[in-house]
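Letters go in sequence order (proteins before strands), and every chain restarts at 1.
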Amino acid sequence: MTVFALVDANNFYASCEKLFDPRLAGKPVVVLSNNDGCVVARSAEAKALGVPMGAPWHQLRDLARREGIAAFSSNYPLYACMSNRLVEVLGQFCPRLEVYSIDESFLDLEGFALQDPEGLTGYGRKIRRRVRDWLGLHVCVGIGPTKTLAKLANHCAKKGLAGADGVCDFAVMTDGELTSLYHQISAGEVWGVGRKIAARLEDMGIKTVRELHDADPDTIRARFSVVLERTVRELRGVSCLNLEEMAPAKQQIMSSRSFGQYVYELAELREAVGSYMGKAAEKLRAQHSVAGAVQVHIRTNPFKPKEPQYQRTATVPLPSPTADTRELTAWALRLLDDMYKPGFAYQKAGVMLCELRPQSVVQGCLFSAPAVDEQSEALMRALDAINAKWGRGTLRSSAEGITKTWQMRRGNLSPAYTTSWEDVPCVRAI
DNA sequence: TCTGGGGTCCTAGGACCC
DNA sequence: TCTGGGGTCCTAGGACCC
């Protein structure tokens, strides 16, 4: 019998911001998306004020002033560092662990019931306590026989359903208790059921988790897909989704950003595309892959339908796959030059590396130089090593430019408390 | 003034093959 | 009344997740 736990940090980004600034205790805090665009995380106090997830920040300015909401630009180095610490702590409780997102991990707890006199529920409480004591973060733990049920249990733990206090263990609940619990939760809360599918299910008379649980898997497969069929089976306790301890190599790598201000000139777009490619290529090499195709996209602001609109996406297959920033950048800029049209206010650009494959199994090309270019590989290794030691962008391609007027806005960035010596918090006796 | 970024998987439909 | 059957590959689009 499989047993999974899902451990999920509460209000993760907002909690990270609060951790290192005691003045924020008890205050509403929100974290904004790139470019300070919209709200991506809210503290409990901000949620209580009714700040919706995903709301454009400029629409909330008045409320924020009135209520004293503190807003932060996304500080990913800080969140990533805290995330790594969280995973480290969780790893002490369970070696079989899947890092599902920056603030969520699945644990395979099969065979762990004897680790605590109170069984897995007690083990879950122990996990919560240690994360709180060691990191200052609050997590909820959901336990169930499948990943989908562990996710659902985690939802119950967060909402305090079924008397849960941060830990919700479906395994210790009776069928009757589960049935009445499932009756209270709408189907849209289930992992894998988004807005569209929830609406279609409702048309079929399926509104609650209970009703989805009771639905006929074959009918669900016929009307939706094999994915939703698996969800139904998982709700019934049949484990269809395995723990993925090793993250599989990415099949595509994207890097794109909205600009801090509109961009009109080709020269500036070239800098942006060059920079994004620098970042994407670095990620590509980090997973020891090469790319077989390059895609570039540019667009104006779709939220301004009255302004002239233009958007293009173009892809080029490469003669031979590569991970060399110079080569990838050259192809990307060629695409950009072809699709650029003057006279538009560009708002966003991006690059995507596709047809990724392991560096070790590259197919040579009959007509060009050998696929493995040792000079290029050595150069890229040196580039990555220098940037790893001295910081990203220390050594970069000249295509990235110097001034970067198009860079995103980050008006209220908190210090890199845990990743930069200059920003380490100081405690002073008064 | 102002609206994120980065992924995955599945399906449908068309082209083409024997 | 009755228009073959079975496959692959590719692309676009849609849905989901955090």
- [ ] Check every strand shown and say whether A:Asn34 touches a base, only sugar-phosphate, or nothing at a heavy-atom separation below 4.0 Å.
- [x] sugar-phosphate
TODO: Using a heavy-atom cut-off of under 4.0 Å over every strand shown, decide if A:Ile253 touches base, sugar-phosphate, or nothing.
DONE: sugar-phosphate
TODO: For A:Tyr346 and A:Tyr340, run ring-ring contact (aromatic ring centres under 6.0 Å, His included): C-alpha distance rounded to whole Å, both residues' side-chain angles, the deciding distance at 0.1 Å, then the answer.
DONE: CA-CA 10 Å; A:Tyr346 292 97; A:Tyr340 171 78; 5.8 Å; yes
TODO: Using a heavy-atom cut-off of under 4.0 Å over every strand shown, decide if A:Lys279 touches base, sugar-phosphate, or nothing.
DONE: nothing
TODO: Look at all strands and tell whether A:Arg200 reaches a base, only sugar-phosphate, or nothing, counting heavy atoms closer than 4.0 Å.
DONE: nothing
TODO: Using a heavy-atom cut-off of under 4.0 Å over every strand shown, decide if A:Gln261 touches base, sugar-phosphate, or nothing.
DONE: nothing
Open item on the list: Let me spell it out: for each of A:Phe303 and A:Met254, pick the nucleotide of DNA chain B with the closest heavy atom. Which residue's pick is nearer the 5' end?
Closed with: A:Phe303
TODO: Step through it carefully: locate the ring centre of A:Trp191, locate the ring centre of A:Phe4, and say whether they are under 6.0 Å apart.
DONE: no
Open item on the list: Within the structure provided, determine whether A:Gln261 and A:Trp406 are in side-chain contact (heavy-atom separation under 4.5 Å).
Closed with: no
TODO: For A:Phe12, report the nucleic acid contact type (base, sugar-phosphate, nothing); a contact means any heavy atom under 4.0 Å.
DONE: nothing
Open item on the list: By the 4.0 Å heavy-atom rule, please label A:Asp36 as base, sugar-phosphate, or nothing.
Closed with: nothing
Task: Outermost nucleotides of DNA chain B that come under 4.0 Å of a non-hydrogen atom of chain A - done: B:dC2 to B:dT11
TODO: Just call it for A:Trp191: base, sugar-phosphate, or nothing, with non-hydrogen atoms closer than 4.0 Å on any strand.
DONE: sugar-phosphate
Using a 3.5 Å cut-off and no angle test, enumerate the donor-acceptor pairs between side-chain atoms of residues 79-87 of chain A and protein atoms at least two apart in sequence or in another chain.
unit_1: A:Tyr79; atom_1: OH; unit_2: A:Glu17; atom_2: OE2; d: 2.6
unit_1: A:Tyr79; atom_1: OH; unit_2: A:Asn75; atom_2: N; d: 3.3
unit_1: A:Ser83; atom_1: OG; unit_2: A:Ile102; atom_2: O; d: 2.6
unit_1: A:Asn84; atom_1: ND2; unit_2: A:Ala80; atom_2: O; d: 3.4

TODO: Measure from the ring center of A:Tyr123 to the ring center of A:Phe93 and say whether it is less than 6.0 Å.
DONE: yes
- [ ] Rounded to whole angstrom, note down the P distance from B:dT3 over to C:dC18.
- [x] 25 Å
- [ ] Scan A:Phe224 against the nucleic acid and name what it touches under 4.0 Å (heavy atoms): base, sugar-phosphate only, or nothing.
- [x] nothing
Task: A:Ser15 OG to A:His138 NE2 distance, which is reported to the nearest 0.5 Å - done: 7.5 Å
- [ ] Map A:Ser225 and A:Lys283 onto DNA chain B by nearest heavy atom, then report which one ends up closer to the 5' terminus.
- [x] A:Lys283
Task: Spatial distance of atom CG (A:Asn11) from atom NZ (A:Lys47) [nearest 0.5 Å] - done: 3.5 Å
- [ ] Could you check whether A:Ile197 gets within reach of a base, just the sugar-phosphate, or nothing at all, counting any heavy atom under 4.0 Å?
- [x] sugar-phosphate
- [ ] Go through A:Gln309 and A:Thr300 one step at a time and tell me if the side chain to side chain donor-acceptor pair (under 3.5 Å) criterion holds.
- [x] CA-CA 6 Å; A:Gln309 294 288 313; A:Thr300 52; 3.1 Å; yes
Open item on the list: Please classify the nucleic acid contact of A:Ser255 as base, sugar-phosphate, or nothing, using heavy-atom distances under 4.0 Å.
Closed with: sugar-phosphate
- [ ] Just call it for A:Gln59: base, sugar-phosphate, or nothing, with non-hydrogen atoms closer than 4.0 Å on any strand.
- [x] nothing
Open item on the list: What does the 5'-to-3' dot-bracket notation of DNA chain B look like when only Watson-Crick and G-U wobble pairs under 3.5 Å count, and pairs to other strands show as |?
Closed with: ....||||||||||||||
TODO: Run the salt-bridge test on A:Arg392 and A:Glu282 with the 4.0 Å N-O cut-off and return the result as yes or no.
DONE: yes
- [ ] Measure from the side-chain N and O atoms of A:Gln359 to the backbone N and O of A:Val290, and report whether any donor-acceptor pair falls under 3.5 Å.
- [x] no
